[in-house]
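Below: the structure, in structure tokens.
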Amino acid sequence: MVLFNSPPGWQLPASRVTPEGMFWRRRQFMKSLIGAGAGFAAASAGACQRNATLDVELESTLGQPLTGASLNSAFADVGRAPTPQQYASSYNNFYEFGGSKNIWSSAQALPTDPWRLEVTGLVKKPATYDLDDLTQRFTLEERIYRFRCVEAWAMVVPWIGFPMKALMAAVEPTPAAKFVRFSSYYDPRVCPGPGLSLRNLPWPYTEGLTVAEMANDLAFFAVGVYGRTLPKQHGAPIRMVVPWKYGFKGAKSIVKIDFVAEQPATYWNTLAPNEYKFEANVEPEVPHPRWSQAKERLVGKSTSLFTWEEQPTVIYNGYGEYVAGLYG
Ligand code: MTE
């Protein structure tokens with residue numbers, strides 16, 4: 001991302017490559033085998049982890065088994081296998097906890113219990129939920145979604161959560177509400193950020209959607225992943241998932257949702273409006289100012305980012321049938 005003014009990883013000069021290579025070699029010391037996928041329901045995509053190796057330290061960061069969320073058959077097959085959790089849960093962007101992809105350990109400082117999510121602004125029924133309210137009030141389901149980062153890497157992730165439109169129905173936005181602002185947790189005593197020289201960033205991390213985007217069938221709040229509650233590195237206890245948009249639109253660890261009349265300021269768009277648009281739909285024909293978006297690399301096909309399989313990027317990340325109508 002713009003913080004480091006660098007192109008996507010595989011375009012990095014050789015001098016910058018070593019840390020990433022070392023990272024993956026370290027991760028190769030796999031200490032445990034998740035043999036039977038204990039705790040995962042057979043029908044669950046969490047079961048895709050059955051034969052995957054998982055580092056024991058990483059495993060200790062994973063959440064509690066989430067049972068009873070059935071796989072939504074409309075979102076069960078994205079034409080690619082789910083990314084092994086070993087990769088998806090150890091290769092993250094969470095700038096509150098560091099500027100590298102290797103933040104899964106430092107993110108464990110995030111305090112998630114108790115958690116309160118305030119929904120406010122232009123709504124008839126403002127509400128504050130704790131996590132039990134959210135998981136008991138809204139029916140949880142599992143959805144396998146493609147995930148495409150603006151940095152041109154991609155994954156396939158089995159999320160568990162509920163559609164955003166269910167929360168909208170509960171709070172009843174007024175006709176004056178045109179946009180929605182999502183704010184992430186931020187406490188400077190807990191979040192070191194990406195480095196000493198980069199303290200003056202527009203925290204908290206915020207993102208935004210139009211009300212129509214939030215009401216779309218695809219827009220999802222995740223409270224779990226790979227059959228368990230979200231680990232902190234993925235944005236516990238609740239994060240946004242909007243799979244037709246670049247990954248930075250999916251704010252993690254949300255504490256506040258505001259329904260507003262005007263387009264809200266958002267984190268990356270405030271930092272670099274020419275590089276990170278508010279809309280940020282996945283569009284292969286629209287290059288990032290510093291790299292092409294025509295192709296993407298699938299995380300986890302090997303341990304080296306230089307050998308990650310390259311695939312063409314698809315308009316709206318393959319979700320055109322759901323969202324093309326929003327952008328006539
Ligand atoms: N949310 C917060 N609060 N802070 C962040 O740094 N990074 C974004 C998004 N949400 C980010 C965030 C970016 S750039 C990406 S690509 C995704 O989270 C990464 O999600 P993942 O680590 O769960 O794969």
Side-chain angles (χ1 to χ4, degrees), residues 1-4 6 8-9 58 61-63 82-107 109-110 112 115 117 145-161 181-188 190-195 198 201-209 220-226 228-257 266-272 275-277 280 282 288 293 296-300 317:
M1 305 290 275
V2 70
L3 289 174
F4 310 99
S6 63
L58 181 65
T61 72
L62 305 185
T83 304
Q85 186 169 19
Q86 174 63 33
Y87 302 113
S89 300
S90 65
Y91 187 85
N92 302 96
N93 276 333
F94 204 168
Y95 288 94
E96 288 88 334
F97 296 98
S100 77
K101 300 287 183 274
N102 189 12
I103 54 74
W104 61 268
S105 177
S106 56
L110 173 75
T112 54
W115 193 265
L117 171 63
Y145 275 163
R146 289 185 181 220
F147 184 92
R148 172 59 156 81
C149 178
V150 72
E151 297 164 331
W153 49 267
M155 302 197 196
V156 174
V157 184
W159 302 106
I160 293 173
R181 175 175 53 225
F182 303 81
S183 305
S184 295
Y185 169 90
Y186 182 70
D187 182 338
V190 175
C191 306
L198 290 165
L201 296 169
W203 305 117
Y205 194 100
T206 48
E207 257 312 329
L209 297 174
F220 202 60
F221 287 118
V223 296
V225 73
Y226 294 96
R228 292 172 177 259
T229 55
L230 279 182
K232 295 181 179 184
Q233 58 268 35
H234 277 299
I238 180 165
R239 54 115 23 109
M240 305 166 66
V241 184
V242 279
W244 72 100
K245 294 179 178 286
Y246 290 122
F248 71 87
K249 294 295 293 181
K252 296 180 168 183
S253 306
I254 305 166
V255 292
K256 194 170 180 202
I257 299 173
T266 56
Y267 184 86
W268 288 108
N269 188 248
T270 301
L271 280 171
E275 304 208 353
Y276 307 108
K277 305 291 179 203
V282 175
H288 184 279
Q293 294 291 21
E296 60 202 31
R297 298 230 171 198
L298 300 184
V299 173
N317 206 20

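Both counts, for ligands and for their atoms, begin at 1 and track the order of listing. Everything numeric here is computed off the predicted structure, so don't read it as measured data. We number each residue from 1, following the sequence as shown.
Looking at Y91 next to ligand 1, no N or O pair under 3.5 Å apart turns up. Polar contact with ligand 1: absent for W153 (N/O pair, distance under 3.5 Å). For R239, a nitrogen or oxygen atom sits less than 3.5 Å from a nitrogen or oxygen atom of ligand 1, counting backbone and side chain alike. Here's the thing with W159: none of its N/O atoms is less than 3.5 angstrom from an N/O atom of ligand 1.
Donor-acceptor pairing under 3.5 Å is lacking for the side chains of W115 and Y185. Defined by atom type and a distance below 3.5 Å, a donor-acceptor pair is present between the side-chain atoms of Q233 and T61. N93 and K101 form a side-chain donor-acceptor contact under 3.5 Å, judged by distance and modelled atom types alone.
Proximity of E151 to ligand 1, defined as any heavy-atom pair under 4.0 Å, is not found for any part of the residue. Contact annotation: for Y205 versus ligand 1, heavy atoms closer than 4.0 Å belong to the side chain alone.
Counting atoms of ligand 1 from 1 in the listed order, those under 4.0 Å from a heavy atom of H234 are 21 (P), 23 (O). Those atoms of ligand 1 with a heavy atom of G250 less than 4.0 angstrom away are 9 (C), 10 (N), 12 (C), 18 (O). Atoms of ligand 1 lying under 4.0 Å from at least one heavy atom of Y95, given by number and element, are 5 (C), 6 (O).
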Between W104 and Y91, is a ring-ring contact (aromatic ring centres under 6.0 Å, His included) present by the stated rule, with each step listed? CA-CA 8 Å; W104 61 268; Y91 187 85; over 10 Å; no
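You'll find the side chain of Y246 reaches within 4.5 Å of the side chain of R148, heavy atoms only. Side-chain contact between P237 and T229 is absent, with no heavy atoms from C-beta onward closer than 4.5 Å.
Looking only at heavy atoms of the protein, atom 1 (N) of ligand 1 is closest to K252 N, 3.1 Å. The protein non-hydrogen atom at the shortest distance from atom 7 (N) of ligand 1 is N93 O, 3.4 Å. For atom 17 (C) of ligand 1, the nearest non-hydrogen atom of the protein is G247 O, 3.6 Å. The closest protein non-hydrogen atom to atom 4 (N) of ligand 1 is E96 OE1, 2.8 Å.
We find the OG-CD distance between S253 and E96 to be 7.5 Å, quoted to the nearest 0.5 Å.
Aromatic ring centres of W159 and Y226: separated by at least 6.0 Å.
Note on ligand 1: F147 sits in its first shell, one or more heavy atoms being nearer than 4.0 Å. Note on ligand 1: S253 sits outside its first shell, no heavy atom being nearer than 4.0 Å.
Just one residue in the list Y95, Y276, Y205 forms a side-chain hydrogen bond (donor to acceptor under 3.5 Å, both in side chains) with W268, and that residue is Y205. Screening F94, F97, W203 for a ring-ring contact (aromatic ring centres under 6.0 Å, His included) involving Y186 leaves a single residue, W203.
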